[in-house]
Amino acid sequence: MRSDWTALPESVTAGIAERIGGAFDVTPASSGNHAEIASTVTGPAGRVFVKAASGGLSVRSLSYELAATRAIDRHPPAVLWHFESDGWLVVGTEHLAGPHPDLSPGSADLDLLAVTLKELQETPASAQPWFTPAARLGFAHPAMDGETLIHSDLNPANLIVTKHGLRIVDWAWATKAAPWVELALLVQWLIGAGHSAEQAEEWLAQFPAWTATAREVLDDFASRNASKWSAKSRQSTDRWVHDLAMWTGEWASGQAAPAATAAP
């Protein structure tokens, strides 16, 4: 749940001002809700993206994000500074500017995504307590366990096209898992961008982790993920929840569904 900047103790705002070089302006982020505070902060030292958390799960997620941005080179925004004060964890990262990628069939941005994914598929999880597949997704299969650090939420809103390639933000759900799980979670977003389930799988076939995964394992994942989002859609009026229920259901059933735009 997002909070207003007025919720921050004076010690926190003073700590941010010290690191940004003085008085600053704040522009709240338009999406995402893992950290209680997520904003672009502009001061004498330039622009910094600041996240802050005080609640249990929010602090845990932000701690994972901090660890992930240290463990993975180049793709996440660089951590510029972080501190703790009056029960708040505060992280300042590189401010990334650029459009979100177009993941529709035939888009050149898919090539950028492929390059990034191939590098991420080889990123080992460091020795610390990351989310497990079961804790992250609410269901499990022995084949989902692994030693790779995955982002687990590569929706287009978390991807930014820059002159240095595709960058990935919001690592709050960083998970230690088998590398194919990252690819399976991407299917829903490819379908949402206009791919059929078959087209999405054909695109993912370029990755060895996908082709090496047994068909029954992928089918089990698709079915469980669709069931989860179907259940969520019956308890929510949010459009993005219903979109995900539709897209995951298409993969599980193979039936066509119209594309739409989901919130992150």
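Throughout, residue positions are numbered sequentially from 1 according to the sequence presented.
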Taking only residues two or more places apart in sequence or in another chain, which ones pass side chain to side chain donor-acceptor pair (under 3.5 Å) with Ser233?
none

Could you check whether any side-chain N or O of [X] sits under 3.5 Å from a backbone N or O of [Y], counting only pairs where one atom can act as donor and the other as acceptor?
X	Y	answer
Arg47	Gly43	no
Glu36	Ala53	no
Ser253	Gly249	yes
Gln121	Pro179	yes
Ser107	Asp102	yes
Tyr64	Pro129	yes
Glu94	Pro77	no
Thr69	Glu65	yes
His242	Ser236	yes
Glu202	Gln199	no

In this structure, are over 12 heavy atoms from other groups packed under 6.0 Å from Glu198 atom CD?
no

Would you say that more than 12 heavy atoms from the other residues, nucleotides or ligands in this model lie under 6.0 Å from the NZ of Lys232, or not?
no

Would you indicate whether the side-chain heavy atoms of [Y] and [X] approach each other to under 4.5 Å?
X	Y	answer
Leu149	Lys176	no
Ile16	Val48	no
Trp5	Val41	yes
Ile160	Leu166	no
Leu89	Ser63	yes
His151	Leu120	no
Thr123	Glu147	no
Leu204	Val187	yes

Are [X] and [Y] grouped together when hydrophobic residues (ILVMFWY) are joined by side-chain heavy atoms under 4.5 angstrom apart?
X	Y	result
Leu154	Trp203	yes
Phe83	Phe49	no
Phe24	Trp88	yes
Leu66	Val169	no
Val26	Val90	yes

Which value, rounded to the nearest 0.5 Å, describes the distance between [X] atom [atom1] and [Y] atom [atom2]?
X	Y	atom1	atom2	answer
Arg224	Leu137	CZ	CG	11.0 Å
Thr211	Leu218	OG1	CG	10.0 Å
Ile191	Leu103	CD1	CG	12.5 Å
Leu112	Arg167	CG	CZ	13.0 Å
Leu8	Asp86	CG	CG	10.5 Å
Leu96	Leu159	CG	CG	11.5 Å

In terms of side-chain heavy atoms, does [X] have a donor or acceptor partner in [Y] at a distance below 3.5 Å?
X	Y	result
Gln188	Asn225	yes
Ser85	Ser11	yes
Arg136	Ser152	yes

Taking all atoms of both residues into account, what is the closest heavy-atom pair of [X] and [Y], and its distance?
X	Y	value
Pro105	Ala193	CD-O, 3.9 Å
His82	Val79	ND1-CG1, 4.5 Å
Ala226	Ala252	CB-CB, 3.7 Å

Trace of the side-chain contact (heavy atoms from CB on, under 4.5 Å) decision for Leu62 with Val91
CA-CA 8 Å; Leu62 188 53; Val91 179; 4.0 Å; yes

Phe131 and Trp173 aromatic centres sub-6.0 Å
yes

Regarding Arg215 and Glu201, does a basic nitrogen lie under 4.0 Å from an acidic carboxylate oxygen?
yes

Considering only NZ, NE, NH1 and NH2 on the basic side and carboxylate oxygens on the acidic side, decide whether Lys51 and Asp170 come within less than 4.0 Å.
yes

Could you label the plane-to-plane angle of the Trp240 and Trp229 rings as parallel, tilted or perpendicular, counting under 30° as parallel and over 60° as perpendicular?
perpendicular

Taking the inter-plane angle between the rings of Trp247 and Trp189 on a 0 to 90° scale, is it parallel (under 30°), tilted (30 to 60°) or perpendicular (over 60°)?
perpendicular

Please determine whether side-chain contact (heavy atoms from CB on, under 4.5 Å) holds for the pair Trp171 and Ile72, giving the CA-CA distance in whole Å, both sets of side-chain angles, and the decisive distance to 0.1 Å.
CA-CA 11 Å; Trp171 289 79; Ile72 302 173; 3.3 Å; yes

Take Leu117 and Leu183, measure what side-chain contact (heavy atoms from CB on, under 4.5 Å) needs, and give me the verdict at the end.
CA-CA 9 Å; Leu117 281 172; Leu183 305 176; 4.2 Å; yes

Out of the candidates Trp210, Phe207, Phe221, only one should pair with Trp180 under the ring-ring contact (aromatic ring centres under 6.0 Å, His included) rule; please name it.
Phe221

Set out, in order, the CA-CA distance, both residues' side-chain angles and the distance that settles side-chain contact (heavy atoms from CB on, under 4.5 Å) for Leu113 and Leu186, then state yes or no.
CA-CA 11 Å; Leu113 179 59; Leu186 188 58; 3.9 Å; yes

